[in-house]
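Take a look at the structure set out below.
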Amino acid sequence: MCGRYALYGPVSRLRERFSANIDELAADFGPRYNAAPMQLLPVVRQRPSGERVVHLLRWGLIPGWAKDETIATRLSNARGETLAEKPAFRTAYRSRRCIVPASGFYEWKAIPGGKQPYYIQPANDELFGFAGLWERWTSPAGTPIDTFTVVTTEANESMRALHERMPVILQPGDDNLWLSRDTTPERFGQLIAPCPDAMLRMHPVSKAVGNVRNEGPQLIDASSDPQSQ
DNA sequence: CCAGACGTTGTT
DNA sequence: GTCTGG
DNA sequence: CCAGACGTTGTT
DNA sequence: GTCTGG
């Protein structure tokens, strides 16, 4: 899964962590604690020359053949197990892989009578790099739009307490293998796997994150009494 | 040949 | 765009 | 992911 | 219940 995440801190962090140049529009990106599908969010792409650039792309992939953009909301995630065959993803998987930077992400655990959101962040306080795919779609009016999706895999042991799926979180040393057009399908396919449990820590948060109109650092604060919310 | 689908999540 | 079903 | 809408006609 | 928007 992974349908909501946070990305905060100075944008220069992205330059350092991903060795990427920052596009002018992405440079204006401010701290976000409730990033949701349909929004413009920073994504790392690698040009054939090897240069990496952070651009703002819209979350929710629109395949090139789509007649309209309504499919986007349903393609905010892509199952890692079937990427290579699915018509919606296979061309992007072959040649348009990207990395989605995140400070952390949210996961909703089903509990009696509702759902309890949790915030999951890197144990080392660095940034996550989610494995992603991107596409360029041109509307009937002729307007091009770049979109992305987050690749998912089965949950590792600690995530399984919340949910059966989780985003593919790349090891920093694997960034280039995922982004490069020179990597063989066999090698970048091996990166689609649950990350080690030790990379993650998690805590329950307020249900306020459920509404995309809510925003701010309080959304990642530990909730004192999750059961009573 | 043309028409129609093409996806994920979670929940039932 | 490309594949499947009819 | 959750929240919120869930419609038609004609006209701009 | 199901789809769209954020």
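Naming convention: chains lettered A, B, ... in sequence-line order (proteins, then strands); numbering from 1 in each chain. Scope of the values below: all heavy atoms of this structure, side chains included, with no hydrogens, waters or symmetry mates.
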Within less than 4.0 Å of OP1 or OP2 of B:dT9, is there a side-chain N or O belonging to A:R79?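 A:R79 to B:dT9 OP1/OP2: side-chain N or O found under 4.0 Å.
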For D:dC1, does OP1 or OP2 lie under 4.0 Å from any side-chain N or O of A:K115? no
Spatial distance of atom [atom1] ([X]) from atom [atom2] ([Y]) [nearest 0.5 Å]:
{"X": "A:L75", "Y": "A:T147", "atom1": "CG", "atom2": "OG1", "result": "8.5 Å"}
{"X": "A:D146", "Y": "A:L61", "atom1": "CG", "atom2": "CG", "result": "10.0 Å"}
{"X": "A:T149", "Y": "A:L133", "atom1": "OG1", "atom2": "CG", "result": "6.5 Å"}
{"X": "A:N156", "Y": "A:D197", "atom1": "CG", "atom2": "CG", "result": "4.0 Å"}
{"X": "A:L41", "Y": "A:L56", "atom1": "CG", "atom2": "CG", "result": "7.5 Å"}
{"X": "A:Q121", "Y": "A:D125", "atom1": "CD", "atom2": "CG", "result": "6.5 Å"}

Stacked cation flag A:R45 on A:W134, 6.0 angstrom / 45 deg: yes
Would you sketch DNA chain D in dot-bracket for me? Only Watson-Crick or G-U wobble pairs with both distances under 3.5 Å count, crossing pairs as [ ], other-strand pairs as |, the rest as dots. ||||||......
For the side chain of A:K67, counting heavy atoms from C-beta on, which of B:dT8, B:dC6, D:dA3 is nearest?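 The listed nucleotide nearest to A:K67's side chain is B:dC6.
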Nucleotide nearest A:P87 when distance is taken to its side chain, options D:dC2, B:dT9, B:dC6: B:dC6
Do A:Y119 and A:D221 come close enough that some side-chain heavy atom pair is under 4.5 Å? no
Taking ring pair (Phe, Tyr, Trp, His ring centres under 6.0 Å) as the criterion, tell me which of A:Y5, A:Y33, A:F128 meets it with A:F105.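 The passing option is A:F128.
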Taking [M] as the reference, what is the distance to [N] when you measure between their [atom1] atoms (whole Å, please)?
{"N": "B:dT9", "M": "E:dT2", "atom1": "C1'", "value": "14 Å"}
{"N": "E:dT4", "M": "D:dT8", "atom1": "P", "value": "14 Å"}
{"N": "B:dC1", "M": "D:dT11", "atom1": "P", "value": "43 Å"}

Atom-to-atom span, [atom1] of [X] to [atom2] of [N] - whole angstrom:
{"X": "A:K207", "N": "D:dC1", "atom1": "NZ", "atom2": "P", "result": "16 Å"}
{"X": "A:Y5", "N": "D:dC2", "atom1": "OH", "atom2": "P", "result": "17 Å"}
{"X": "A:W108", "N": "B:dT11", "atom1": "CH2", "atom2": "C1'", "result": "17 Å"}
{"X": "A:E135", "N": "B:dC6", "atom1": "CD", "atom2": "P", "result": "17 Å"}
{"X": "A:L61", "N": "B:dC6", "atom1": "CG", "atom2": "P", "result": "16 Å"}
{"X": "A:R90", "N": "B:dC6", "atom1": "CZ", "atom2": "C1'", "result": "8 Å"}
{"X": "A:I111", "N": "B:dT11", "atom1": "CD1", "atom2": "P", "result": "12 Å"}
{"X": "A:D68", "N": "B:dG4", "atom1": "CG", "atom2": "C1'", "result": "15 Å"}

So, A:E69 and A:R58, do they make that salt bridge, N to O below 4.0 Å? yes
What pairs of nitrogen or oxygen atoms, one from the protein and one from nucleotides 1-6 of chain E, lie under 3.5 Å apart?
| from | atom 1 | to | atom 2 | distance (Å) |
| --- | --- | --- | --- | --- |
| E:dT4 | OP2 | A:R74 | NH1 | 3.1 |
| E:dG6 | N9 | A:P37 | O | 3.4 |
| E:dG6 | N7 | A:P37 | O | 3.0 |
| E:dG6 | N2 | A:R4 | NH2 | 3.2 |

